[in-house]
Novice: 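This is the structure I have questions about; it appears just below.
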Amino acid sequence: QVQLVESGGGLVQAGDSLRLSCVASGRTFSTYAMGWFRHAPGKEREFVATISASGGSIYYVDSVKGRFTISRDNAKNTVYLQMNSLKPEDTAVYYCAESRGSSYYLSRGNYDYWGQGTQVTVSS
């Protein structure tokens, strides 16, 4: 049984930073690409960032490029999302997801397992 547990969300002011963590268990973490998605009220869940199984390939949605950094530690079965220069429009529930392959994936349909989400609220 695959489990993904996110942590690190919170309430911050615009311009602040947060680091989200997601610990995976249940299958060989280093085999699968990971992704971060977010869901804001009134909007569809959107892709934020993805990282390949090896960590060698990374992709971001345009709105977070230069501000967010995805990384992974395969020895710790953990994927991270470092979020700097946060904006009120970054407010959402953030979810990590484990894919079905080793490449990097932007589409929700490529992800088999999801965490419970962690709330990020950015005040202006």
Side-chain angles (χ1 to χ4, degrees):
Q1 181 76 14
V2 174
Q3 288 191 321
L4 303 174
V5 180
E6 301 103 331
S7 62
L11 172 63
V12 297
Q13 294 187 331
D16 286 350
S17 299
L18 282 174
R19 189 175 83 154
L20 306 184
S21 300
C22 172
V23 180
S25 61
R27 61 180 186 176
T28 307
F29 178 76
S30 60
T31 303
Y32 300 99
M34 299 294 293
W36 285 97
F37 291 75
R38 63 187 180 187
H39 191 186
K43 297 183 178 181
E44 292 191 358
R45 189 175 299 193
E46 69 166 347
F47 164 80
V48 176
T50 181
I51 185 168
S52 63
S54 67
S57 296
I58 289 173
Y59 193 88
Y60 301 97
V61 68
D62 285 346
S63 60
V64 309
K65 285 180 181 177
R67 300 188 299 122
F68 290 12
T69 302
I70 188 171
S71 62
R72 66 189 295 159
D73 185 338
N74 286 343
K76 295 183 178 179
N77 288 0
T78 302
V79 61
Y80 305 97
L81 187 67
Q82 177 67 43
M83 305 186 295
N84 298 331
S85 302
L86 281 161
K87 304 175 181 180
E89 51 264 43
D90 294 319
T91 296
V93 178
Y94 283 72
Y95 298 88
C96 73
E98 188 169 286
S99 76
R100 60 189 58 170
S102 61
S103 183
Y104 65 92
Y105 306 99
L106 282 65
S107 171
R108 290 170 53 185
N110 291 118
Y111 291 85
D112 289 334
Y113 300 99
W114 296 80
Q116 82 288 349
T118 186
Q119 176 71 48
V120 172
T121 303
V122 185
S123 64
S124 56

Novice: Quick check: do V2 and D112 have side-chain heavy atoms less than 4.5 Å from each other?
Specialist: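 No, their side chains stay 4.5 Å or more apart.
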Novice: Which salt bridge (Lys or Arg N to Asp or Glu O under 4.0 Å) pairs, counting each pair once, include a residue from residues 53-69, with sequence neighbours left out?
Specialist: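 Residue pairs with at least one partner in residues 53-69: D62-K65, R67-D90.
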Novice: Is a donor on one side and an acceptor on the other found under 3.5 Å between the side chain of S21 and the backbone of Y80?
Specialist: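 Such a contact is absent between S21 side chain and Y80 backbone.
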Novice: Would W36 and L106 show up in the same hydrophobic cluster when neighbours are defined by side-chain heavy atoms closer than 4.5 Å?
Specialist: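 Same hydrophobic cluster.
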Novice: For C96, does its backbone N or O pair with a side-chain atom of E6 as donor and acceptor, under 3.5 Å?
Specialist: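 Yes, because the side chain of E6 sits within donor-acceptor range (under 3.5 Å) of the backbone of C96.
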Novice: Using the rule that two of Ile, Leu, Val, Met, Phe, Trp, Tyr join whenever any of their side-chain heavy atoms come within less than 4.5 Å, decide whether V5 and V48 are in one cluster.
Specialist: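 No: no chain of side-chain contacts under 4.5 Å links V5 to V48.
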Novice: Nearest 0.5 Å, please: how far is OH in Y105 from OH in Y32?
Specialist: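 Here the rounded value is 10.5 Å.
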Novice: Keeping the roles fixed (side chain from S99, backbone from A33), state whether a donor-acceptor pair exists under 3.5 Å.
Specialist: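 Yes: the side chain of S99 pairs with the backbone of A33.
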Novice: For F47, run the ring pair (Phe, Tyr, Trp, His ring centres under 6.0 Å) check against Y94, F37, Y95, F68 and tell me which one passes.
Specialist: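 Among Y94, F37, Y95, F68, the one meeting ring pair (Phe, Tyr, Trp, His ring centres under 6.0 Å) with F47 is F37.
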Novice: Can you list the residues that meet the side-chain contact (heavy atoms from CB on, under 4.5 Å) rule with T69, with sequence neighbours excluded?
Specialist: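 Applying side-chain contact (heavy atoms from CB on, under 4.5 Å) to T69 gives Y60, Q82.
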Novice: What is the minimum heavy-atom distance between P88 and S124, and which atoms define it?
Specialist: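 Distance-wise, the nearest heavy atoms are CG-CB, 3.8 Å.
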Novice: Are the side chain of T118 and the backbone N or O of S7 linked by a donor-acceptor pair below 3.5 Å?
Specialist: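 Between the backbone of S7 and the side chain of T118 there is no qualifying donor-acceptor contact (under 3.5 Å).
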Novice: Using 0.5 Å steps for rounding, measure from the CG atom of D73 to the OG atom of S30.
Specialist: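 Going from the CG atom of D73 to the OG atom of S30 covers 11.0 Å.
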Novice: So, for S85 and S17, which heavy atoms are closest and what is the spacing to 0.1 Å?
Specialist: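 Closest approach of S85 to S17, heavy atoms only: N-OG, 4.2 Å.
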Novice: Can V120 be reached from V23 by stepping across I, L, V, M, F, W or Y side chains whose heavy atoms are under 4.5 Å apart?
Specialist: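 No; tracing contacts between hydrophobic side chains, which count when under 4.5 Å, never links both residues.
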Novice: Looking at V122, is its backbone amide N or carbonyl O close enough to the side chain of D16 to form a donor-acceptor pair, meaning the two atoms are under 3.5 Å apart?
Specialist: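 Answer holds: no.
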Novice: Quick one: are N74 and F29 in side-chain contact, heavy atoms under 4.5 Å?
Specialist: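 Counting from C-beta outward, N74 and F29 do come under 4.5 Å.
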Novice: Is it true that a side-chain atom of R45 and a backbone atom of R108 form a donor plus acceptor pair closer than 3.5 Å?
Specialist: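 Looks like no, no N/O pair under 3.5 Å.
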Novice: Which atom pair, heavy atoms only, marks the closest approach of A24 to E98?
Specialist: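 Closest pair (atom of A24, atom of E98, distance): CB-OE1, 3.8 Å.
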Novice: When you compare the side chain of L81 with that of R38, does any pair of heavy atoms fall below 4.5 Å?
Specialist: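 Counting from C-beta outward, R38 and L81 never come under 4.5 Å.
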Novice: Can you tell me how far the NZ atom of K87 sits from the OG atom of S63, to the nearest 0.5 Å?
Specialist: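 Here the rounded value is 8.0 Å.
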Novice: Once you round to the nearest 0.5 Å, how far does OG of S54 lie from CZ of R72?
Specialist: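 Answer rounded to 0.5 Å: 8.0 Å.
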Novice: Consider side chain to side chain contact (heavy atoms under 4.5 Å, CB included). Of T78, T50, V79, which one does M34 pass it with?
Specialist: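 Only one of T78, T50, V79 forms a side chain to side chain contact (heavy atoms under 4.5 Å, CB included) with M34, namely V79.
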